[in-house]
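Working notes, structure below.
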Amino acid sequence: MYWSKLFIPTLRETPAEAEVVSHALLLRGGYIRQLAAGIYSYLFLAQRSLLKIMRIIREEMDGIGAQEMFLPALHPADLWRESGRWDVMGDNMFRLKDRFERELCLGMTHEEVMTHIARGELRSYKQLPQIWYQIQTKFRDEPRPKSGLLRVRQFLMKDSYSFDLGPEGLDAAYEKHYQAYCRIFDRCGLEYIVVEAHSGAMGGSQSHEFMVKADAGEDYVVQCTGCDYAANLEKAASKPVPPRGPDPEGDLEPEKFPTPGRKTIAEIADFTGLPESSQIKSLVMVADGKPVLVLLRGDHALSETKLQAVTGATEIRPAHPDEIREWFGADAGSLGPVGVTNMPVLADEALKGRRNMICGANEDGYHLRHVTPDEDFQAEYHDLREVADGDTCASCGARLGVIKTVEVGHIFKLGYKYSESMGLKVLTEDGKEIPVIMGSYGIGVERILSAAVELYHDEDGMALPAAIAPFEVVITPVNKSNDDQRSAAEQLYARCKAAGLDALYDDRDERAGVKFKDADLIGIPYRITVGKKLAGGKVEIVERRTRQSEDVALSEAVDYLAEKIRQAKQ
RNA sequence: CGGGGCGUGGCGCAGCCUGGUAGCGCACCUGCCUUGGGCGCAGGGGGUCGCAGGUUCGAAUCCUGCCGCCCCGACCA
């Protein structure tokens with residue numbers, strides 16, 4: 001295509017609202033424009049790139065026998081009431097009414113609609129297994145859209161759903177998706193890690209997330225430096241670093257001591273001269289309206305996700321100060337488990353076997369020393385602690401690190417959640433009616449583009465992988481008024497097209513500097529520069545990412561480049 | 001929802017405190033010039049100063065309310 005005819009509104013300066021790199025560059029590169037908070041228009045370049053991503057996704061999904069469909073974005077409320085998610089989704093769901101006051105919503109995901117189709121049509125085990133997918137716009141009324149395309153209220157998702165007769169079938173569908181996702185992200189040129197994840201409100205047993213390392217990301221991933229263990233921080237387990245010092249020996253009795261004005265773990269550590277790891281941290285949480293006392297080692301943090309999993313609660317929140325006063329007769333900062341009988345006490349496993357620790361006395365301004373779990377109070381032990389950077393790996397003992405990531409894909413074993421609540425059953429070979437087991441699998445299409453920009457950019461702009469860049473090569477005559485250069489460039493462009501390359505011809509009447517800056521900004525992976533060296537029959541092939549430049553004979557340039565691009569796309 | 005910041009030509013910003021002509025750089029248009037990293041010169045077009053109300057002879061500027069956007073937190077599939 002001829003650049004002079006295209007709408008590629010590049011910006012010299014970064015719009016003030018863009019803080020993360022991918023947002024700033026997609027805006028500057030003329031890929032996207034914002035319409036409202038978390039709502040973006042995808043202009044020509046973005047659309048081209050997204051179409052390439054979607055094509056890769058389609059090829060790989062089709063490759064595992066998945067069948068593409070296209071479902072409505074507008075859903076009746078009753079369907080969501082059947083699965084119970086009309087209420088669960090809360091304010092995150094866009095809701096509306098039609099002219100007859102019937103309630104509707106905009107689809108956040110499509111388990112309900114897919115299950116609706118399945119239950120209407122699937123009758124026999126002979127029709128299983130099935131994998132259905134679509135690429136569709138999803139709507140989520142995020143409390144805080146942010147970071148350009150990374151967290152938005154309307155976005156494209158490839159979502160697929162598997163239907164199987166039993167757990168072995170689900171395992172197979174899950175594995176197929178796992179492999180297909182790896183191929184998709186490989187082909188898109190991303191570096192990513194696959195982590196064990198928490199299945200959250202989707203329900204279900206097992207899940208993995210596909211994560212791309214990026215400072216702009218919001219998900220924390222724990223990664224082992226020694227083995228291949230990796231998990232979402234919400235779910236990760238580890239061996240904690242040992243306490244700073246040994247516990248005092250002996251069968252000591254709890255003893256109250258004054259700690260005037262000292263409330264935090266750090267203040268008590270400072271006051272007693274003992275490490276934070278010698279204290280019991282007491283947190284009062286409210287799980288579905290019921291209080292629970294959570295105990296952790298002083299230097300550890302609570303994983304609310306783990307607590308939620310342990311309690312089975314749908315909503316977890318810290319107790320309000322007045323609730324704490326009512327239940328404990330003291331304020332946060334002086335709380336402890338000794339003598340607590342009016343609520344369940346859950347303790348993190350790191351407290352098991354510890355002796356003579358310090359905790360609050362449930363009396364303002366006082367703490368207890370010599371408190372020993374299982375002797376001075378009873379608790380139920382669970383893994384409740386959030387892994388910290390520097391913990392050791394539970395499987396190999398090496399050091400764990402915590403990194404920030406962007407989630408680009410997520411696969412879930414749903415189990416029977418939707419088939420049971422919505423009545424999706426088939427007859428088995430021996431005539432029994434059984435619910436179908438399901439899986440669901442998602443990819444955030446725009447996030448692939450954003451993550452690629454986060455991963456591959458420099459001070460001049462993006463350096464996109466060839467497979468997903470809006471064009472594979474840009475042909476840049478340095479001086480358009482030079483007839484030789486112009487005709488050589490036109491010839492190269494024609495040959496690129498003939499060779500099947502996705503080429504952009506920068507025929508604009510601009511100075512070379514402008515063309516180079518723009519090409520760098522929008523991230524086209526290769527550039528053929530037609531300039532002075534043409535006199536000697538040569539043109540330059542420049543690789544965007546490495547900035548390496550090679551002089552190649554005009555006649556060989558296209559074949560040479562076509563081979564390079566073929567390799568880059570694998 | 002809590003905290004903070006910001007709304008002035010397409011983009012980046014100044015002007016506001018101390019009320020009186022709306023300004024700068026980039027971009028855009030025309031002409032000349034230039035042609036290997038966002039050239040140069042000359043001329044030109046474009047702004048309800050987020051919205052509404054109030055104070056005032058007079059409001060971008062002061063006051064009140066609202067709206068929008070960004071960031072931090074809460075939340076999150």
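Throughout, a chain's letter reflects where its sequence line sits, starting with A, and its residues are numbered from 1.
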Rounded C1' spacing from B:G68 to B:C29 in Å: 32 Å
Spacing of the P atoms in B:C24 and B:G44 (rounded, Å): 12 Å
Presence of donor-acceptor pair under 3.5 Å, side chain of A:E510 and base of B:G38: no
Between B:U18 and B:A22 - P atom distance, rounded Å: 23 Å
A:R144, nearest nucleotide to its side chain (from B:A74, B:G36, B:G12): B:A74
Distance, C1' atom - from B:C63 to B:C16, rounded to whole angstrom: 14 Å
Parallel, tilted or perpendicular: ring planes of A:H208 versus A:Y174, cut at 30 and 60 degrees: tilted
Touch class at under 4.0 angstrom, heavy-atom based, for A:T14 against every strand present: sugar-phosphate
Spacing between A:D483 atom CG and B:U35 atom C1', to the nearest angstrom: 14 Å
C1' atoms of B:G12 and B:G38, separation to the nearest Å: 15 Å
Inter-nucleotide P distance (B:C11, B:C69), Å rounded: 15 Å
Contact under 4.0 Å: A:Q485 side-chain N or O vs B:U35 OP1/OP2: no
Nearest-angstrom distance from the residue atom CZ of A:R28 to C1' of B:C26: 12 Å
Closest to the A:E19 side chain, choosing from B:C69, B:G37, B:C71: B:C71
Complementary nucleotide of B:G37, counting Watson-Crick and G-U pairs under 3.5 Å: none
Pairwise P distance, B:G25 and B:C66 [rounded to whole Å]: 39 Å
Partner nucleotide of B:U18 by Watson-Crick or wobble geometry (both distances under 3.5 Å): none
Other residues, nucleotides, ligands: >12 heavy atoms within 6.0 Å of A:K263 NZ: yes
N/O (side chain, A:R12) to phosphate O (OP1/OP2, B:A27) under 4.0 Å: yes
Opposite nucleotide pairing with B:C24, Watson-Crick or G-U, both atom distances under 3.5 Å: B:G12
Touch class at under 4.0 angstrom, heavy-atom based, for A:R527 against every strand present: base
Given B:C11, B:C75, B:U35, the nucleotide with the shortest approach to the side chain of A:P15: B:C11
A:F185 and A:Y181 aromatic ring geometry - parallel, tilted or perpendicular at 30°/60° bounds: perpendicular
Minimum-distance nucleotide to A:K146 side chain [options: B:C70, B:C71, B:G38]: B:C71
Which nucleotide in B:C11, B:G37, B:C70 has an atom nearest any side-chain atom of A:D520: B:G37
Atom C1', compared across B:A14 and B:G2: separation rounded to whole Å: 33 Å
Sugar-phosphate only, base, or nothing, as touched by A:A16 at under 4.0 Å among non-hydrogen atoms: sugar-phosphate
Any-strand Watson-Crick or G-U partner of B:U55, both distances under 3.5 Å: none
Side chain A:R508 and base B:G38 donor-acceptor under 3.5 Å: no
Among B:G37, B:C70, B:C11, the one nearest A:E17 by side-chain distance: B:C70
Identified pairing partner of B:C69, criterion: Watson-Crick or G-U wobble below 3.5 Å: B:G5
Minimum-distance nucleotide (side-chain atoms of A:S147 versus B:C71, B:C13, B:U35): B:C71
Proximity to the side chain of A:P143 - top-ranked nucleotide from B:G36, B:A74, B:G25: B:A74
Among B:C70, B:G36, B:G38, the nucleotide that comes nearest once only the side chain of A:A37 is considered: B:C70
Sugar-phosphate, base or nothing in reach of A:E218, heavy atoms under 4.0 Å: nothing
Check: A:D518 side chain, B:G38 base, donor-acceptor under 3.5 Å: yes
Ring geometry between A:Y493 and A:Y2 (parallel below 30°, tilted from 30 to 60°, perpendicular above 60°): perpendicular
Salt-bridge present (A:R85, A:E111; N to O < 4.0 Å): yes
Short N-O contact, A:K306 and A:E234, less than 4.0 angstrom: no
Among B:C71, B:C75, B:C39, the nucleotide that comes nearest once only the side chain of A:E304 is considered: B:C75
Row check, A:Y456 ring normal vs A:R545 NZ/CZ: under 6.0 Å, within 45°: yes
Identity of whatever pairs with B:G43 - Watson-Crick or G-U, under 3.5 angstrom: B:C29
Geometric class of the A:H23/A:Y40 ring pair [parallel <30°, tilted 30-60°, perpendicular >60°]: perpendicular
